[in-house]
Amino acid sequence: MGDFKFPYFFDYPPYFTLQPVQDTREKQMQLWKELILRYCQHHKCFIINLEQEFPLFQNLSIQRKLSFEAREMFLAALVAEGKAEWLDKAHKKCLVLWRSIQEWSEMILQLVRDNAMEDGVLTLDEIQSGDESRGTELAGIDRFVLVRALKLLEQRGKAAMFKGKAGDDEGVKFSAS
Amino acid sequence: MGSGSRWAERLLESGALSESGRPLLGPGEVECQLLDGVDIEVVDSGVEGDPLRSGLLILTNARMFWVHQHSRSAFFLPLSSVSRISAPRKGLKSVFSSTLRLRGAAAAHSSVTLLLSFRGHASSFDNLVSQLGAVLQSRAWETLPAAAVNPSTASASTPSSHWNPSRAGVSGILRKEQEQWEQTDKNLQEAFHDLNALMGKAKEMVLLADKMRARLLTEGSASGSQQELHDLLLSVGIASPVTKESAGALYHQQLSRQLADFVGSPLQSAGGMLALVDVYCLFNRARGTELISPEDLLQACDLWDRLDVPVMLRRFDSGALAIQIKSKSDDEVVARIMRLVGDLRTGVGAREAAKCLGVAPALAKEHLFSAEARGFLCRDDGPDGLRFYTNFFKDAQFP
């Protein structure tokens, strides 16, 4: 995983000014949404906190940064598209789903198949950072996202989550069908 | 003075003297010439009497005084009563002295002739005579208040008010000018007072005309009376709504054309566009007196749509108004801006655009905004202010 490659327009100052002209703004938003997703995917970043600095939203070499209004607007656009979710009512914390929950759940199934764990049991920790997931995209997955994905699998009858004994991590049992 | 001079008291009027023996002059009365050692005697008039000897003759612009300092007596003759002056007949007297005959009406006598004689230098007397001639010709006493000619009849209770030392000489002339000035000022004030009354009436007239105009707007039917009303309004000078619909009131039409003609050359030198406020100033300055109001200007510009003129009124999104040469189309302006913006690194601000387009920075800004609105430019709101770049968003893609 090398350095993230920023696109050429990331060095153009207007990229960081919220464009007033409607058509231009829409195009700008498209570019930013895509950029956010790519960046987050590269860095395995799941949460963006609007009240904190996020390295993507500024370019020190041209001395520009996105305004709060712009950041909020772009994230809201992602949420509207279903590619992100607000984690709080105040819309300050945003969960970026550069992979959808559906996709995550598919990846888990793939992991299970790859490791012949049908009918097996895994703790959530193991899925997040165990040997099985090392080298896959699942490594480092956000716990919240993982649970959501497993819940989806539960609905499909592919898995069943359970709480461990006191102090133990949550686990999930997979079923072959 | 002996009893033989009683004639003087009968024929001439007594002049009041100040404490220092100077005659009291009336308002506006100014001394013109003095000559000492003049005799006056009455001749050929059926009046007997000894001459008044060796007095000081004082000529003012209204009277001729003869003052005898020693006896503190003074007589004067209003110049208005002098009908004729003439050179003396050759006689013994004229050999030794300069003389002058004065003919006029005095007291009960319709015609009296006085002889002035002077034993001194002939040139001094000649001066007096020419002065007298000048004063008689100017008839200054006609424009002076009556008291100047006859101060004894005026209230003599305050002699100092009649005689003012500042009336003599240059300061006297200046004082006179000042008084004239003040009088003019007073006249003007009175005139304006009347003007204000006129303005008040005018307001009522305008109200009446507005009422009639409103009536015209509501009633649309009786075209005959409408035409009459419209003509009446037009003659009063108020634009009628009827004609506005058709081609604009005649006044505004003419004004509109005049404006279009006028604005051509300033537009050229300003790079094809001028802010409306600038045109307002330029146009009124050129007109000099009959200035037009902002509303008139706006109406005149609006009329250009219907007239075939090479200029147009431009309304920017921000609300700013400008006058533009029609041929200077927006596309040409945009093309010039785009050439300027070519370098993507620094962008274009209002100042650079103004220089490139040859217009004022405020107008250049408007051009930039309109190019942005049309999608040619995008903006950067940075620490250096607003700058514009080519709209790279249009074709931008992830590599």
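Residue numbers begin at 1 in each chain, while the letters A, B, ... track the order of the sequences.
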Please rank K5(A), Q63(A), Q22(A), R38(A) by heavy-atom pairs under 4.5 Å with chain B and give me the top one.
R38(A)
To the nearest 0.5 Å, what is the distance between CG on D23(A) and CZ on R374(B)?
13.5 Å
Just wondering, more than 12 heavy atoms not from K394(B) lying within 6.0 Å of its NZ?
yes
Between F398(B) and F9(A), does the ring centre distance come in under 6.0 Å?
yes
Part of Y15(A) lying under 4.5 Å from any heavy atom of chain B:
both
Answer yes or no: does atom CZ of R113(A) have more than 12 heavy-atom neighbours from other residues, nucleotides or ligands under 6.0 Å?
yes
Okay, D317(B) and chain A: the region with an atom under 4.5 Å from a heavy atom over there is neither
Pair R64(A) + D380(B): basic N to acidic O under 4.0 Å:
yes
So, the side chain of T17(A) versus the backbone of D381(B): is there a donor-acceptor pair under 3.5 Å, distance only?
yes
I62(A) versus chain B, the contacting section by heavy-atom distance below 4.5 Å:
neither
Where the side chain of E372(B) meets the backbone of V21(A), is there a donor-acceptor pair that is under 3.5 Å apart?
no
Inspect the surroundings of NZ in K93(A) and state if more than 12 heavy atoms from other residues, nucleotides or ligands are less than 6.0 Å away.
no
On a heavy-atom basis, which atom in D395(B) and which in Y8(A) lie closest, and how many Å separate them?
O-OH, 4.2 Å
So P14(A) and R387(B), do their side chains get closer than 4.5 Å, heavy atoms only?
no
Can you confirm whether K27(A) is buried at NZ, in the sense that more than 12 heavy atoms of other residues, nucleotides or ligands lie under 6.0 Å from that atom?
yes
Report yes if some heavy atom in the side chain of Y12(A) is under 4.5 Å from a heavy atom in the side chain of F392(B); otherwise report no.
yes
